[in-house]
Asker: 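Please find one structure pasted underneath; my questions will follow.
Start at 1 with the first residue, then count along the sequence.
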Amino acid sequence: MAKIFCIANQKGGVGKTTTTVNLAAGLVQVGQRVLMVDLDPQGNATMGSGVDKRKLAMTVYDVLLEAASIVDARVHSEKSGYDVLGANRELSGAEIELVPLERREKRLKQALAKVDKDYDFILIDCPPSLSMLTLNGLCAAHGVIVPMQCEYFALEGVTDLVNTIKQVHANLNKDLQIIGLLRVMFDPRITLQQQVSEQLKGHFGDKVFNTVIPRNVRLAEAPSYGLPGVIFDPSSKGAQAFVAFAQEMVGRLL
């Protein structure tokens, strides 16, 4: 049975997509079968996995509207080594189209149940806003991985997200919990980042992953080549950190 995780944070620009594609690639490197679901209409996780969103015959949009199954819509990324349920601009229309439909927040969960046995991990890249798309992700997931920068405003964003997760847990998905907080774009030379990191560990304890993802130019360059950083430059510090994170994830869960 697959472990299904949302990578979510209501604050934008914190590296959700970078975390999703690199964790997916890292998990493949440590022997796991992975499906990456792109729930963001920008389709950045799709493109960053080596899949051209403009050429997709079917996407997560078709799955949410029950016009296709995941088996029909998924594609295998040869470059990255995992399966992709891609997204493109069409998905922005799903926000409005889902509103009058039955089971609107459970569509993704029901679709994923049919491919549950095909994977060890299913990672869902969520948009930054709390939308119908994000809600589908949260209702489908067993837990949430929260990438965050160690900055003051990031703490406020985490508080908002924790409240959202509590509401979804209470009303829609009893399995949902925070799996852990991942410190990303970390620069140990900056005193404030060290202070916020310590505050996080003091408040959230073992919910803060041991692995820290450093600020790394090669990770930032990788999407322009349509690759996760783990594949683009395996020797870079960022890539090595994501493989270590994948190992930590597997170690925590198995």
Asker: Do Lys53 and Glu90 have side-chain heavy atoms sitting under 4.5 Å apart?
Answerer: no
Asker: Do side-chain atoms of Lys79 reach the backbone of Gly226 as a donor and acceptor pair under 3.5 angstrom?
Answerer: no
Asker: Would you give the length of the straight line joining atom CG of Leu65 to atom CD of Glu97, rounded to the nearest 0.5 angstrom?
Answerer: 5.0 Å
Asker: Under 3.5 Å, side chain of Ser77 to main-chain N/O of Val51, donor-acceptor pair present?
Answerer: no
Asker: In terms of hydrophobic clustering (I, L, V, M, F, W, Y; side-chain heavy atoms under 4.5 Å; direct or indirect links), are Val37 and Met58 co-clustered?
Answerer: no
Asker: Verify side chain to side chain contact (heavy atoms under 4.5 Å, CB included) between Glu151 and Val196, making sure each step is shown before the conclusion.
Answerer: CA-CA 6 Å; Glu151 296 172 352; Val196 172; 5.8 Å; no
Asker: Please name all residues satisfying side chain to side chain contact (heavy atoms under 4.5 Å, CB included) with Leu253, sequence neighbours left out, ordered by chain then number.
Answerer: Lys3, Phe5, Phe121, Met249
Asker: Mind checking what makes side chain to side chain contact (heavy atoms under 4.5 Å, CB included) contact with Ser197, not counting sequence neighbours?
Answerer: Cys150, Arg183, Phe186, Lys201
Asker: Can you find a side-chain donor-acceptor pair between Thr17 and Asn44 that sits under 3.5 Å?
Answerer: no
Asker: Shortest non-hydrogen contact from Leu39 to Pro127?
Answerer: O-CD, 3.4 Å
Asker: Starting at CD of Glu221, measure out to CG of Asn216 and round the result to the nearest 0.5 Å.
Answerer: 8.5 Å
Asker: Mind checking side chain to side chain contact (heavy atoms under 4.5 Å, CB included) for Ala140 and listing every partner two or more places apart, or none if nothing turns up?
Answerer: Leu108, Lys109, Leu112, Ile124
Asker: Is any side-chain heavy atom of Ile70 closer than 4.5 Å to a side-chain heavy atom of Lys114?
Answerer: no
Asker: Mark yes or no for whether Gln193, through its side chain, and Asp187, through its backbone, hold a donor-acceptor pair below 3.5 Å.
Answerer: yes
Asker: Kindly say whether Lys16 contributes a backbone atom to a donor-acceptor pair with the side chain of Asn9 at under 3.5 angstrom?
Answerer: no
Asker: Between Asn163 (side chain) and Asp160 (backbone), is there a donor-acceptor pair under 3.5 Å?
Answerer: no
Asker: Distance-only, no hydrogens or angles: does the Asp125 side chain make a donor-acceptor pair with backbone N or O of Asp38 under 3.5 Å?
Answerer: no
Asker: Identify whether Val230 and Val217 are in the same connected component of the hydrophobic contact network (ILVMFWY, side-chain heavy atoms under 4.5 Å).
Answerer: no
Asker: Examine distances only and state if a side-chain atom of Asn22 and a backbone atom of Gly229 form a donor-acceptor pair shorter than 3.5 Å.
Answerer: yes
Asker: Can you see which heavy atom on Val115 is nearest to which on Arg74, and at what distance?
Answerer: CG1-NH1, 3.8 Å
Asker: Identify the two heavy atoms, one from Asp206 and one from Arg252, that lie closest to each other, and give their separation to 0.1 Å.
Answerer: O-NH2, 3.0 Å
Asker: Between Leu91 and Thr59, is the side chain to side chain contact (heavy atoms under 4.5 Å, CB included) condition met? List the steps.
Answerer: CA-CA 8 Å; Leu91 186 57; Thr59 67; 5.9 Å; no
Asker: Any side-chain to backbone donor/acceptor pair from Glu105 onto Leu172? Under 3.5 Å, distance only.
Answerer: no
Asker: Indicate yes or no: at least one non-hydrogen side-chain atom of Thr46 is less than 4.5 angstrom from one of Leu56.
Answerer: yes
Asker: Determine, using the 4.5 Å side-chain heavy-atom cutoff (strictly less than), whether Val212 and Leu219 are members of one ILVMFWY cluster.
Answerer: no
Asker: When rounded to the nearest 0.5 angstrom, what is the spacing between CD in Glu95 and CG in Leu135?
Answerer: 9.5 Å
Asker: So how far is it from Met1 CE to Lys117 NZ, rounded to the nearest 0.5 Å?
Answerer: 9.0 Å
Asker: Would you mind reporting whether Glu66 and Leu101 have side-chain heavy atoms less than 4.5 Å apart?
Answerer: no
Asker: Quick one, Leu123 and Leu27 - any side-chain contact, counting heavy atoms below 4.5 Å?
Answerer: yes
Asker: With sequence neighbours excluded, give me every ring pair (Phe, Tyr, Trp, His ring centres under 6.0 Å) pair touching residues 35-94.
Answerer: none
Asker: Okay, side chain of Asn136, backbone of Leu133: is any donor-acceptor separation there less than 3.5 Å?
Answerer: no
Asker: Decide side chain to side chain contact (heavy atoms under 4.5 Å, CB included) for Arg215 and Gln149; before the verdict, give the C-alpha distance in whole Å, the side-chain angles of both, and the deciding distance to 0.1 Å.
Answerer: CA-CA 10 Å; Arg215 189 172 286 280; Gln149 291 171 263; 3.6 Å; yes
Asker: Distance check, rounded to the nearest 0.5 Å: Arg89 atom CZ versus Gln42 atom CD?
Answerer: 6.0 Å
Asker: Is it the case that over 12 heavy atoms from other parts of the model lie below 6.0 angstrom from the NZ atom of Lys166?
Answerer: no
Asker: Can you tell me how far apart OG1 (Thr134) and CE (Met132) are? Round to the nearest 0.5 Å.
Answerer: 10.5 Å
Asker: Linking I/L/V/M/F/W/Y whenever their side-chain heavy atoms sit closer than 4.5 Å, directly or via other members, would Val34 and Leu182 fall into one cluster?
Answerer: yes
Asker: Does any part of the side chain of Asn173, heavy atoms only, come nearer than 4.5 Å to the side chain of Leu138, both counted from C-beta?
Answerer: no
Asker: For Met148 and Val158, which heavy atoms make the closest approach, and how far apart are they?
Answerer: SD-CG2, 3.3 Å
Asker: Are Val14 and Ile165 connected in a single hydrophobic cluster, I mean Ile/Leu/Val/Met/Phe/Trp/Tyr linked by side-chain heavy atoms less than 4.5 Å apart?
Answerer: no
Asker: Within the distance-only criterion (no hydrogens, no angle test), does the side chain of Arg33 pair as donor or acceptor with the backbone N or O of Asp118 below 3.5 angstrom?
Answerer: yes
Asker: Output all residues satisfying salt bridge (charged side-chain N to carboxylate O under 4.0 Å, His left out) with Asp233, sequence neighbours left out; order by chain, then residue number.
Answerer: Arg218
Asker: A side-chain contact here means heavy atoms from C-beta on lying under 4.5 Å apart; do Ile145 and Leu23 qualify?
Answerer: yes
Asker: Taking all heavy atoms of Pro228 and all of Ser80, pick out the closest pair and write down the distance.
Answerer: CD-OG, 3.3 Å
Asker: With ring pair (Phe, Tyr, Trp, His ring centres under 6.0 Å) as the rule and sequence neighbours excluded, what pairs involving residues 214-247 come up?
Answerer: Phe209-Phe245, Tyr225-Phe232
Asker: Taking the side chain as every heavy atom from C-beta outward, state whether Ile179 and Gln177 have any atom pair closer than 4.5 Å.
Answerer: yes
Asker: For Cys6 and Cys126, work out which heavy atoms get closest and say how close.
Answerer: SG-SG, 3.8 Å
Asker: Would Phe204 and Val162 satisfy side chain to side chain contact (heavy atoms under 4.5 Å, CB included), going step by step from the backbone distance to the final call?
Answerer: CA-CA 11 Å; Phe204 289 99; Val162 168; 4.3 Å; yes
